[in-house]
Amino acid sequence: MKKMVVNTLAYIALLAMAFSLASAPDPSPLQDFCVPVNDTNSGVFVDGKFCKDPKWLATPNDFSFSGLRLPENTSNQLGSMVTVADVAEIPGLNTLGVSLAQVDYAPYGLNPPHTHPRASEILTVLEGTLYVGFVTSNPDNRLISKVLYKGDLFVFPQGLVHFQLNVGTTNAVAIASLGSQNPGVITIARAVFGSKPAISADVLTKAFQLDKDVVANLQSKFWTDNHTY
């Protein structure tokens, strides 16, 4: 009987650990913060990383970012631009499990279908009118979409393909809050047609039921496109 109780408790503990790990893409921090440092002689080893000594070396600049003060240039083919504030821009985000991005849209500008492999997202509309949505996984592939106005929020679950389109005649701005210090982004069209080296045309013609000339044309567009998102 005692052995059965111990086994049951061990099983519950393992389940708890599994659910805990599954609920958060980033590991939980074991200290207030961990600003990463390259010089291992001037830092302390905490939570798997060399960090600045929080008592003496961390500064306000490690926790701030000024890149959202001005609207970004949206004069590109998509009519949108994303300004990312993740751990690469704000070292103090390391181990904190959050990041942010600002999206600027020209009239009818599009933030194209993409995914964040390591984070869910909450989008807040600051200005303008956006048509947004995401597609559920196979086999349903259900589109869940809505038109948002200033002050509205929308959630994009982790890993699902989603998009935003400015359906207004004026510029729009939105803030995306993401549940990872480094959420990653995979822009679907760019990943498929702009991969380097290119995916075989035999694969793409069969997958998308397109002629090889159409595939070649799409690949040429994404290989020469200078849009950075």
Side-chain angles (χ1 to χ4, degrees), residues 13-14 16-74 76 78 80-104 111-124 126 134 153-162 164 173-188 190-191 194-196 226-229:
L14 286 172
M17 289 175 63
F19 282 120
S20 176
L21 292 172
S23 65
D26 292 355
S28 298
L30 300 180
Q31 69 290 322
D32 288 345
F33 53 83
C34 172
V35 178
V37 62
N38 292 325
D39 183 5
T40 58
N41 293 320
S42 64
V44 292
F45 191 75
V46 181
D47 209 9
K49 294 286 185 181
F50 278 98
C51 314
K52 291 184 178 181
D53 188 330
K55 293 181 180 179
W56 311 110
L57 299 179
T59 71
N61 288 337
D62 293 323
F63 301 91
S64 65
F65 178 67
S66 301
L68 305 183
R69 291 180 177 178
L70 298 174
E72 289 293 330
N73 184 1
T74 56
N76 53 62
L78 294 174
S80 71
M81 184 58 67
V82 179
T83 305
V84 178
D86 60 11
V87 69
E89 301 294 339
I90 310 173
L93 285 179
N94 186 47
T95 76
L96 300 187
V98 294
S99 61
L100 181 145
Q102 177 175 296
V103 192
D104 292 281
N111 189 7
H114 62 280
T115 71
H116 300 294
R118 294 182 290 276
S120 296
E121 173 184 341
I122 299 178
L123 187 83
T124 305
L126 301 184
F134 64 86
L153 286 78
F154 199 83
V155 173
F156 303 113
Q158 179 176 340
L160 296 187
V161 176
H162 59 283
Q164 304 107 39
V173 183
I175 291 290
S177 303
L178 298 134
S180 171
Q181 67 180 38
N182 183 20
V185 60
I186 302 171
T187 307
I188 306 304
R190 174 173 293 281
S195 67
K196 298 179 182 179
N226 292 321
H227 192 54
T228 57
Y229 179 59

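Values reported hereafter were calculated over all heavy atoms of this structure, with side chains retained and with hydrogens, waters and symmetry mates removed. Sequence positions, counted from 1, serve as the residue numbers for this chain. All figures in this text were calculated on a predicted structure; none of them were measured in a lab.
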Q: Please enumerate all residues that pass ring-ring contact (aromatic ring centres under 6.0 Å, His included) together with Phe154, with sequence neighbours excluded.
A: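 Residues passing ring-ring contact (aromatic ring centres under 6.0 Å, His included) with Phe154: Phe156.
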
Q: Can you list the residues that meet the side chain to side chain contact (heavy atoms under 4.5 Å, CB included) rule with Thr59, with sequence neighbours excluded?
A: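 Checked Thr59 against side chain to side chain contact (heavy atoms under 4.5 Å, CB included); matches are Asn61, Asp62.
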
Q: Which heavy-atom pair separates Pro117 from Val185 by the least distance, and what is that distance?
A: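 Here Pro117 and Val185 meet closest at CD-N, 4.1 Å.
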
Q: Show your reasoning for whether side chain to side chain contact (heavy atoms under 4.5 Å, CB included) applies to Leu68 and Thr83.
A: CA-CA 7 Å; Leu68 305 183; Thr83 305; 3.7 Å; yes

Q: side-chain hydrogen bond (donor to acceptor under 3.5 Å, both in side chains) for Gln181 and Asn94? Distances and angles first, verdict last.
A: CA-CA 6 Å; Gln181 67 180 38; Asn94 186 47; 3.2 Å; yes

Q: Tell me the closest heavy-atom pair linking Val35 and Gly92, and the distance in Å.
A: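 Of all heavy-atom pairs spanning Val35 and Gly92, the closest is CG2-CA, 4.0 Å.
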
Q: Side chains of Glu121 and His116: is there a donor and an acceptor less than 3.5 Å apart?
A: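 Yes, side-chain donor-acceptor contact under 3.5 Å.
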
Q: Could you go through Thr115 and Leu160, starting from their C-alpha distance and side-chain angles, then the distance that decides it, and tell me whether this counts as side chain to side chain contact (heavy atoms under 4.5 Å, CB included)?
A: CA-CA 6 Å; Thr115 71; Leu160 296 187; over 6 Å; no

Q: Determine whether Ser80 and Asp104 make a side-chain contact, defined as any pair of heavy atoms from C-beta on separated by less than 4.5 Å.
A: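 Not in contact.
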
Q: Taking C-beta and beyond as the side chain, do Ser120 and Leu178 meet within less than 4.5 Å on heavy atoms?
A: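 Contact flag for Ser120/Leu178 side chains = no.
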
Q: Apply side chain to side chain contact (heavy atoms under 4.5 Å, CB included) to the pair Thr95 and Cys34, showing each step before the final yes or no.
A: CA-CA 7 Å; Thr95 76; Cys34 172; 4.0 Å; yes

Q: With sequence neighbours excluded, what pairs up with Pro113 under the side chain to side chain contact (heavy atoms under 4.5 Å, CB included) test?
A: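 So Pro113 forms a side chain to side chain contact (heavy atoms under 4.5 Å, CB included) with Val161, Phe163, Ile188.
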
Q: Any side-chain heavy atom of Val84 sitting closer than 4.5 Å to one from Glu89?
A: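 SC-SC contact between Val84 and Glu89 ruled out.
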
Q: With a 3.5 Å distance limit and no angle check, can you tell me whether Arg118 reaches the backbone of Ser180 through a side-chain donor-acceptor pair?
A: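 Not at all, since once roles are kept as given, no pair shorter than 3.5 Å links the two residues.
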
Q: Is there side-chain contact between Pro183 and Ser99, with heavy atoms separated by less than 4.5 Å?
A: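 In contact.
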
Q: Between atom CG of Leu100 and atom OG of Ser177, what is the distance when rounded to the nearest 0.5 Å?
A: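 These two atoms lie 5.0 Å from each other.
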
Q: Report the C-alpha separation of Gln102 and Val82 in whole Å, then their side-chain angles, then the decisive distance to 0.1 Å, and conclude whether the side chain to side chain contact (heavy atoms under 4.5 Å, CB included) test is met.
A: CA-CA 6 Å; Gln102 177 175 296; Val82 179; over 6 Å; no

Q: Mind checking whether Leu123 and Leu153 have side chains closer than 4.5 Å, heavy atoms only?
A: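 Not in contact.
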
Q: Quick one: list whatever passes ring-ring contact (aromatic ring centres under 6.0 Å, His included) with Phe65, sequence neighbours left out.
A: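 Per chain and number, Phe65 pairs via ring-ring contact (aromatic ring centres under 6.0 Å, His included) with no residue.
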
